[in-house]
Amino acid sequence: RAKQEGRDRHRFFTAELQAQSARMLSLENALRQALHNDELHLHYQPQLSIDGRRLVGAEALLRWNHPQMGAISPAEFIPVAESSGLILPIGAWVLRTAAAQMQAWLQQGMPADTTMAVNLSLAQFNDAGLCDLVATVLKETGLPAACLELELTESVAMHKPAEVIEVVRRLRELGVRLAIDDFGTGYSSLSYLKQFEAHKLKIDQSFVRNLSQDSDDQSIVQAILGLAHSLDMLAIAEGVETREQQSELQLLGCDEAQGYLFSRPLPAEAFEAWVRAWQARHAETASPV
Ligand code: C2E
Ligand code: MG
Ligand code: MG
Ligand code: MG
């Protein structure tokens with residue numbers, strides 16, 4: 001009987017794996033068309049000072065709306081884009097689109113110290129053309145380098161730290177800013193972390209979720225903040241959904257926050273409307289940003 005069960009389990013897993021790889025293959029084929037068919041879009045999520053009074057930037061987040069399959073989550077299609085190499089043309093499009101959008105916003109009066117954050121994946125860091133691409137995009141869009149913030153996850157940063165540090169050094173020479181995303185979920189070497197000279201650490205949302213109740217999470221966040229500040233980095237908390245989380249983070253000394261409490265990621269026009277409404281709300285109590 002045990003043997004039969006083992007065989008059934010094996011068959012079950014094989015069937016599941018086949019279904020999974022079939023889905024990935026069809027996603028890969030669909031993703032190949034997505035760029036040309038205008039199915040990819042960017043949403044923008046505001047980033048605020050921890051008191052919620054100053055807009056410090058926006059993060060560009062990729063969205064895919066397939067005509068038949070509907071909205072597909074980045075958590076599902078980014079890995080497909082990475083394994084197929086499609087992340088290179090898609091990532092270049094993201095960079096161009098986000099930079100052009102930010103430059104348009106600056107010209108419409110967004111403060112010059114606001115940043116546009118763009119996520120980069122490992123394949124992009126391993127691509128020899130990354131620095132040229134960033135330089136070209138800055139030149140073509142006219143966006144000041146200091147307004148562009150490139151996010152790499154902690155695991156990408158630590159994958160081949162020596163190589164990544166070299167790329168990061170060249171990026172920094174261009175004048176762009178650097179943020180380490182999902183911080184706390186990987187295994188950072190502190191000596192490498194120091195060499196990255198990133199501007200910002202993004203505290204992963206898994207530490208923010210239960211912050212008000214969980215004293216371990218409070219300790220972890222406190223330690224991350226201490227690390228960030230002693231290395232002259234700013235810290236931003238991701239996934240801030242409640243006032244309680246915001247005030248706990250403020251008490252702990254976190255600099256900035258991003259999350260549904262302020263806004264979900266929004267299409268460009270809705271983002272502009274959000275900024276106007278938010279400014280109007282704050283104009284009542286203080287001078288607008
Ligand atoms: P990430 O860069 O860590 O982005 C934060 C994720 O948290 C986003 O998910 C965002 O929508 C979500 N989020 C923001 N505020 C809240 C909140 O208050 N609560 C909760 N529960 N979630 C919140 P999203 O947009 O699904 O993106 C997932 C991941 O996909 C991103 O994680 C990033 O790693 C990747 N990704 C998205 N766009 C791009 C891109 O253009 N290029 C690359 N390479 N990766 C991307
Ligand atoms: Mg990010
Ligand atoms: Mg993150
Ligand atoms: Mg993430």
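One-based numbering, in listed order, for ligands and for the atoms of each.
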Exercise. Do R243 and Q246 meet the criterion of a side-chain donor-acceptor pair at a distance under 3.5 Å?
Worked result: yes

Problem set entry | Part of D182 within contact of ligand 1 (heavy atoms, under 4.0 Å) | side chain

Seminar exercise, completed: Quick note on ligand 1: atoms under 4.0 Å from a heavy atom of E241 include exactly 17 (C), 18 (O), 19 (N), 20 (C), 21 (N)

Exercise. Is the Mg ion (ligand 3) less than 2.8 Å from at least one N/O/S atom of E238?
Worked result: yes

Exercise. Between Q33 (side chain) and A30 (backbone), is there a donor-acceptor pair under 3.5 Å?
Worked result: no

Problem set entry | Polar contact flag, side-chain donor to acceptor under 3.5 angstrom, S49-E256 | no

Exercise. Would you say P265 touches ligand 1, if touching means a heavy atom closer than 4.0 Å?
Worked result: yes

For this session: Counting heavy atoms only, name the option from Y260, W93, W64 that's nearest to atom 17 (C) of ligand 1.
Result: Y260

For this session: Provide the number and element of each atom of ligand 1 under 4.0 Å from a heavy atom of E59.
Result: 2 (O), 4 (O)

Problem set entry | Per-residue contact class, V94 against ligand 1 - non-hydrogen pairs under 4.0 Å | side chain

For this session: Decide whether the shortest distance between a heavy atom of R209 and an atom of ligand 1 is less than 4.0 Å.
Result: no

Problem set entry | ligand 1 contacted by G239 (non-hydrogen, < 4.0 Å) | yes

Exercise. Taking distance alone, with no angle check, do L62 and ligand 1 share an N/O pair under 3.5 Å?
Worked result: yes

Seminar exercise, completed: Within 4.0 Å of some non-hydrogen atom of G259, the atoms of ligand 1 are 15 (N), 18 (O)

Exercise. Does the side chain of C254 come within less than 4.5 Å of V221's, by heavy atoms?
Worked result: no

Exercise. Any idea which part of R264 is under 4.0 Å from ligand 1, heavy-atom wise: side chain, backbone, both or neither?
Worked result: neither

Exercise. Do any pairs count as a ring pair (Phe, Tyr, Trp, His ring centres under 6.0 Å) and have a residue in residues 105-141, sequence neighbours left out, and if so which ones?
Worked result: Y44-W105, W105-F271

Problem set entry | Any donor-acceptor pair under 3.5 Å from E59 side chain to V118 backbone | no

Exercise. Which atom, among the N/O/S set of E59, is closest to the Mg ion (ligand 2)?
Worked result: OE2

Exercise. So does E173 pair up with R170, basic N to acidic O under 4.0 Å?
Worked result: no

Exercise. Can you tell me if N126 and H159 form a side-chain donor-acceptor pair at under 3.5 Å?
Worked result: no

Exercise. Can you list the ligand 1 atoms lying under 4.0 Å from a non-hydrogen atom of Q45?
Worked result: 14 (C), 15 (N)

Problem set entry | Residues which pass side chain to side chain donor-acceptor pair (under 3.5 Å) with Q205, listed by chain and number, not counting sequence neighbours | none

Exercise. So, T115 side chain and A117 main chain: donor-acceptor pair closer than 3.5 Å or not?
Worked result: no

For this session: Assess D182: does it contribute an N, O or S atom lying under 2.8 Å from the Mg ion (ligand 3)?
Result: yes

Exercise. Of the backbone and side-chain N, O or S atoms of T153, does one lie nearer to the Mg ion (ligand 2) than 2.8 Å?
Worked result: no

Exercise. Just which atoms of ligand 1 are under 4.0 Å from any heavy atom in D181?
Worked result: 1 (P), 2 (O), 3 (O)

Exercise. Of all N/O/S atoms in D181, which lies nearest to the Mg ion (ligand 2)?
Worked result: OD2

Exercise. Taking the non-hydrogen atoms of R63, is any one of them nearer than 4.0 angstrom to ligand 1?
Worked result: yes

For this session: Over all heavy atoms of both residues, which pair between S263 and Q45 is shortest? Give the atoms and the distance, please.
Result: O-NE2, 3.0 Å

Exercise. What distance do L234 atom CG and D255 atom CG have between them, rounded to the nearest 0.5 Å?
Worked result: 4.5 Å

For this session: Number the atoms of ligand 1 from 1 as they appear, then name those within less than 4.0 Å of a heavy atom of S121, with their elements.
Result: 44 (N)

For this session: Report yes if some heavy atom in the side chain of K200 is under 4.5 Å from a heavy atom in the side chain of M233; otherwise report no.
Result: no

For this session: Report, in ascending order of atom number, the atoms of ligand 1 lying under 4.0 Å from any heavy atom of I78.
Result: 39 (C), 43 (C), 45 (N), 46 (C)

Problem set entry | Closest E151 atom to the Mg ion (ligand 2) [N, O or S only] | OE1

